[in-house]
> 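After the structure tokens below, expect a handful of questions from me.
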Amino acid sequence: MNGVDRLSKNQKVEEARMYHVLEVIEQKTAQLKQKQGNLATDVIDLRKNFWDEIKVNLETFDDRLETALSIKQQAEFLAERELTHHHRDKALQILRKLKDSPYFARIDFTPDDTKKTSPIYIGIAGLSNETDDDYLIYDWRAPISSMYYDFSPGPAEYASTENIVSGKMELKRQFIIRHGELQAMFDTNVAIGDELLKEVLGNNASDKMKNIVATIQKEQNQIIRNVKNKYLIVQGVAGSGKTSVALQRAAYLLYHYKEDLNNDNMLLFSPNPLFSSYIASVLPDLGETSIQQFTFQAYVEKRLGKHLNIESPFSQMESLLTTEDAAREAGIRFKASLAFKEYIDQYAKQLSTDGLIFKNIALRGNVIISKEAIGAYFYSLDYTISIPNRMSMTKDWLLEELAFLEKEERDKDWVKDEAELLDIEDYTEAYHDLQDNSEDDTFDDFDKELKILTAKIARKYFRKIRVAVSKLKFLHVTALYRNLFEAQADHTSLPENWDAICVYSLKPLRQKELLYEDTSPYMYLEDTLTRLKTNTQIKHVFIDEAQDYSPFQFFVLQQLFPSARMTILGDIHQAIYMHTLNSATLFSGEEVQTDNTEKIELQKSYRSTRQIVDFTRHLLAADLAIEPFERDGEKPSFVLCKDRQERDGKLRHMLSRLIGKEYGTIAVICKTAAESAAMYEQLSPAFDVQLATEHSYSYDSGIILLPAYLAKGIEFDAVIIPDVSAKNYEKTFEQNLFYTACTRAMHELVLFSVGDKTPFMDRVPADFYTFA
């Protein structure tokens, strides 16, 4: 029997086996739907008849206790039934996914101790047979499934819950199953066969990231299953699958540590809302609930509230891309450093004995406790007590003073005047309070009624004050932070142009605006003076595009989440913010040092064709050690135009050509938001285009216009960069931005220039791109 006949026979056997599995899925789905329907009816009945099952008796203490226990038991029973309903609904969702594609791989494994060969079929979730005594599909996260990712046929092993199981992998087979049909299968002698990767990577891009469980590479699998270190740092080149790996890792951790981890105590920091939407479907595709997602900006705004207008990182980027401001550039770099943290530490040490600024506490526009009185009390406390502890003691003193002042305020004329204007509901409530506390049958005690009403009014006014005091709002953090730049400073770590930095920093602060570079230092100062606001509920933090996080930002995140392990992913060559220029980052040579840390590098790019990788690897100061996946395509195109009119005409023609290729997504990536908006006005009359801004939360397949800094982490079938002229891309810190834009392309990259091209392309050999 020749190889073709053998493959055909094997395919028939595999198809028969697949159809059997699909029948089991249908049976389990039908059984689960019936149980779910019955359970749904039970839950609805329980909700409707909740109180019918409870005998309410409040006559004696024992009766009240028995009633309370009865309510508690009924509530727990309902909660248990609702939880079961939720679990079954999740199981049904997984079965629906398995029905479309039950598994993607098979390995035949013979353990050394038994010498019995077993076929192991691997899919996104596990499935047993009708009697639940035999696994038809193994979850890709199961220990035995790791061999598929880590070994070729031959000697292989996996770590079970008890020991290392060694043996021999007799066969490795990969499947492409779509809509319940076996479309292709491959036997391979490598970890993941090139045939399967080419089929997957050759597909069109989507507006949603897909899971990669079928094509996880060995080096990616080591990251996904790494549980040794508190901090795992992944430096990966563009297109190496960092984000996909992070999400598969989240799914793996949720599977293996289901007793300790859930979606509520895992957190992902993403670069922008558009990216958050792009990756939103990956975990649900794997049968897991999405974990919490924030941008660092959103987290800062949630933390600091609404009393400050906080600049976004994209506004900062726009400012630097469109104007020259040497003082701000220097300030951004200094405020990102741990040297600035040390400067704040020295400042806080001085505040321990003098200089804290407090706010007046006022009622109806009148000061009732002055800031001077608060300061006097604070500094009357033992100076050896830490500032946060003294702040807490001051809060307690203020709450006692407010209780005394509230009682005094009840007898003021303004309170009595306001009592006469109360609504009928307030009078009725006062009447009932009076009856509940009355010892006789008198119903017209005006003085007592007035006393209740004035107490109610005073309590209403003082309630907001007490809440603010409890949150330590009497400390003027903004003024104290502002004072960092107003006071005379003498510190060895300060940059030479500190005076100019102070001038540009103070203007927004005086207008209650906080520049993006000031957010981490501001939060750190507030925590140093009050008390560290930690979140111990979060057990794992993922930081994507972490090359854009400063050492100061990372230090703040470590403090905010002291109980969390962290997976930190990024690419130093895509660091696009000013503070990363010639400065320490988590991915630079002088990377931030942390204990219990492992750093792993990913150097193979799977996103782009070999021709695009060969082009982009030369765009930076030194050639990058990038290994392209051998997927061929067209060379990048460079279109030189004499003026904008010619450029616009050729760009429209190029868009029409790319649309004709039926690409799923085509991105026109500009440098700035202003350039994107102008290009949108140019193209929208002729094409159906979408304009993405920093406030965009999603996009659809088709043509999308966006600035380069919003394209981070996202990939597109074809990318057009409409202005790669020397005039547009010339600043040193724009080099990484240009590289990032170019590396978004999967299949085609087209660059337009009016006049001389950017010097960043000078290092690219001329035969690595074509002149169109």
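Quick note: numbers below take in every heavy atom, side chains included, and nothing from hydrogens, waters or symmetry partners.
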> Taking NZ in Lys731 as the centre, count heavy atoms belonging to other residues, nucleotides or ligands within less than 6.0 Å. Is the count above 12?
yes
> Are the side chains of Lys349 and Asp345 in touch, meaning some heavy atoms are under 4.5 Å apart?
no
> Applying side chain to side chain contact (heavy atoms under 4.5 Å, CB included), run through Leu232 and Leu569 and close with a yes or a no.
CA-CA 8 Å; Leu232 179 63; Leu569 310 103; over 6 Å; no
> Testing the 3.5 Å rule here: is there a donor-acceptor pair between the side chains of Ser725 and Asp723?
yes
> CG/Asn272 to OG/Ser277 distance, rounded to the nearest 0.5 angstrom?
10.0 Å
> Taking the side chain as C-beta and beyond, is there a heavy-atom pair between Leu475 and Met391 under 4.5 Å?
yes
> Would Thr580 and Arg333 count as having a side-chain donor-acceptor pair, cut-off 3.5 Å?
no
> Does the Asn535 side chain pair with the main chain of Leu560, one donor and one acceptor, at a distance under 3.5 Å?
no
> How would you list, by chain and number, every residue that makes a side-chain contact (heavy atoms from CB on, under 4.5 Å) with Lys533, sequence neighbours excluded?
Arg303, Glu526, Asp527, Thr530
> Let me see the working for Leu268 and Phe294 under side chain to side chain contact (heavy atoms under 4.5 Å, CB included), right down to the final yes or no.
CA-CA 6 Å; Leu268 168 66; Phe294 278 101; over 6 Å; no
> Should the heavy atoms of other residues, nucleotides or ligands under 6.0 Å from NZ of Lys371 be counted, would the total exceed 12?
no
> Go through Ser753 and Arg647 one step at a time and tell me if the side-chain hydrogen bond (donor to acceptor under 3.5 Å, both in side chains) criterion holds.
CA-CA 8 Å; Ser753 179; Arg647 190 277 309 271; over 6 Å; no
> So Ser563 and Ile538, do their side chains get closer than 4.5 Å, heavy atoms only?
no
> Does Leu283 reach the side chain of Ile291, with side-chain heavy atoms less than 4.5 Å apart?
yes
> When the ring planes of Trp498 and Phe340 are compared, do they come out parallel, tilted or perpendicular, using 30° and 60° as the limits?
tilted
> A side-chain contact here means heavy atoms from C-beta on lying under 4.5 Å apart; do Phe542 and Arg249 qualify?
yes
> Assess whether side chain to side chain contact (heavy atoms under 4.5 Å, CB included) is satisfied between Leu691 and Leu706, documenting all intermediate values.
CA-CA 6 Å; Leu691 176 64; Leu706 70 170; over 6 Å; no
> Do Leu602 and Val234 make a side-chain contact, defined as non-hydrogen atoms from C-beta onward lying under 4.5 Å apart?
yes
> Taking the six-membered ring of Phe474, is the NZ or CZ of Lys395 close enough (under 6.0 Å from the centre) and on axis enough (within 45°)?
no
> Regarding Lys335 and Ser505, is there a side-chain donor-to-acceptor distance under 3.5 Å anywhere?
yes
> Do the ring planes of Phe615 and Tyr769 sit parallel (below 30°), tilted (30 to 60°) or perpendicular (above 60°)?
perpendicular
> So, Gln297 and Ser312: side-chain donor and acceptor under 3.5 Å apart, yes or no?
no
> As a quick check of understanding, evaluate side-chain hydrogen bond (donor to acceptor under 3.5 Å, both in side chains) for Gln316 and Glu517, giving each step before the final call.
CA-CA 8 Å; Gln316 182 199 76; Glu517 60 265 31; 2.9 Å; yes
> If you take all heavy atoms of Ala546 and Ile568, which pair is closest and at what distance?
CB-CG2, 3.3 Å
> Judged by modelled atom types alone, do Thr295 and Ser270 share a side-chain donor-acceptor pair under 3.5 Å?
no
> Aromatic rings Phe314 and Tyr709: how do their planes relate, parallel, tilted or perpendicular, breaks at 30° and 60°?
parallel
> Could you tell me whether the side chains of Asp544 and Thr243 share a donor-acceptor contact shorter than 3.5 Å?
yes
> Please say whether more than 12 non-hydrogen atoms of neighbouring residues, nucleotides or ligands are located less than 6.0 Å from CD in Glu496.
no
> Any side-chain heavy-atom pair from Phe296 and Glu301 closer than 4.5 angstrom?
no
> Does Pro722 reach the side chain of Glu675, with side-chain heavy atoms less than 4.5 Å apart?
yes
> Under the side chain to side chain contact (heavy atoms under 4.5 Å, CB included) criterion, do Gln735 and Glu730 qualify, and how do the steps go?
CA-CA 8 Å; Gln735 190 166 14; Glu730 58 174 344; over 6 Å; no
> Does atom CG (Asp756) have a neighbourhood of more than 12 heavy atoms from anything else shown, all under 6.0 Å?
no
> Under a 3.5 Å cutoff, is there a donor and acceptor pairing between the side chains of Asn226 and Glu598?
yes
> Restricting to pairs with a member in residues 555-577, which pass ring-ring contact (aromatic ring centres under 6.0 Å, His included), not counting sequence neighbours?
Tyr299-Phe561, Tyr524-Phe555
> Would you call Asp548-Lys712 a salt bridge at under 4.0 Å N-O?
yes
> Evaluate whether atom CZ of Arg763 has more than 12 neighbouring non-hydrogen atoms of other residues, nucleotides or ligands under 6.0 angstrom away.
yes
> Where is the tightest heavy-atom contact between Ser315 and Glu694, given as atom of each residue plus distance?
OG-OE2, 3.7 Å
> Assess the residue pair His476 and Phe358 against the criterion (ring-ring contact (aromatic ring centres under 6.0 Å, His included)); give the C-alpha distance rounded to whole Å, side-chain angles, the decisive distance to 0.1 Å, and a yes or no.
CA-CA 5 Å; His476 205 325; Phe358 296 96; over 10 Å; no
> Using 4.0 Å as the upper bound for N to carboxylate O, is an ion pair formed by Arg607 and Glu715?
yes
> So how far is it from Ile543 CD1 to Leu267 CG, rounded to the nearest 0.5 Å?
9.0 Å
> Anything under 3.5 Å between a donor and an acceptor, one on a side chain of residues 480-487, the other on a protein residue two or more places apart or in another chain? List them.
unit_1 : atom_1 : unit_2 : atom_2 : d
Tyr481 : OH     : Asp518 : OD1    : 2.5
Asn483 : ND2    : Tyr347 : OH     : 3.4
Glu486 : OE2    : Arg510 : NH2    : 3.4

> Under 6.0 Å from the NZ atom of Lys230, do we count more than 12 heavy atoms belonging to anything else shown?
yes
> Quick one: OG1 on Thr665 to CD1 on Ile714, what's the gap to the nearest 0.5 Å?
9.5 Å
> Around atom CD of Gln559, are there more than 12 heavy atoms from other residues, nucleotides or ligands closer than 6.0 Å?
yes
> Could you check Phe738 against Tyr729 for ring-ring contact (aromatic ring centres under 6.0 Å, His included), going step by step and ending with a plain yes or no?
CA-CA 7 Å; Phe738 180 60; Tyr729 281 102; 5.0 Å; yes
> Walk me through it: do Arg328 and Glu311 pass the test salt bridge (Lys or Arg N to Asp or Glu O under 4.0 Å)?
CA-CA 14 Å; Arg328 185 168 191 191; Glu311 181 190 39; 2.7 Å; yes
> With no hydrogens and no angle check, just 3.5 Å: does a side-chain donor-acceptor pair link Gln682 and Asp648?
yes
> Return the orientation label for the Phe269 and Tyr549 ring planes: parallel under 30°, perpendicular over 60°, tilted otherwise.
perpendicular
> If you measure from OG1 on Thr528 to CZ on Arg531, what distance do you get to the nearest 0.5 Å?
12.0 Å
> First locate atom OG1 of Thr743, then atom CD1 of Ile626, and finally report the distance between them rounded to the nearest 0.5 Å.
8.5 Å
> Could you grab the distance from atom CE of Met209 to atom OG of Ser281, nearest 0.5 Å is fine?
9.0 Å
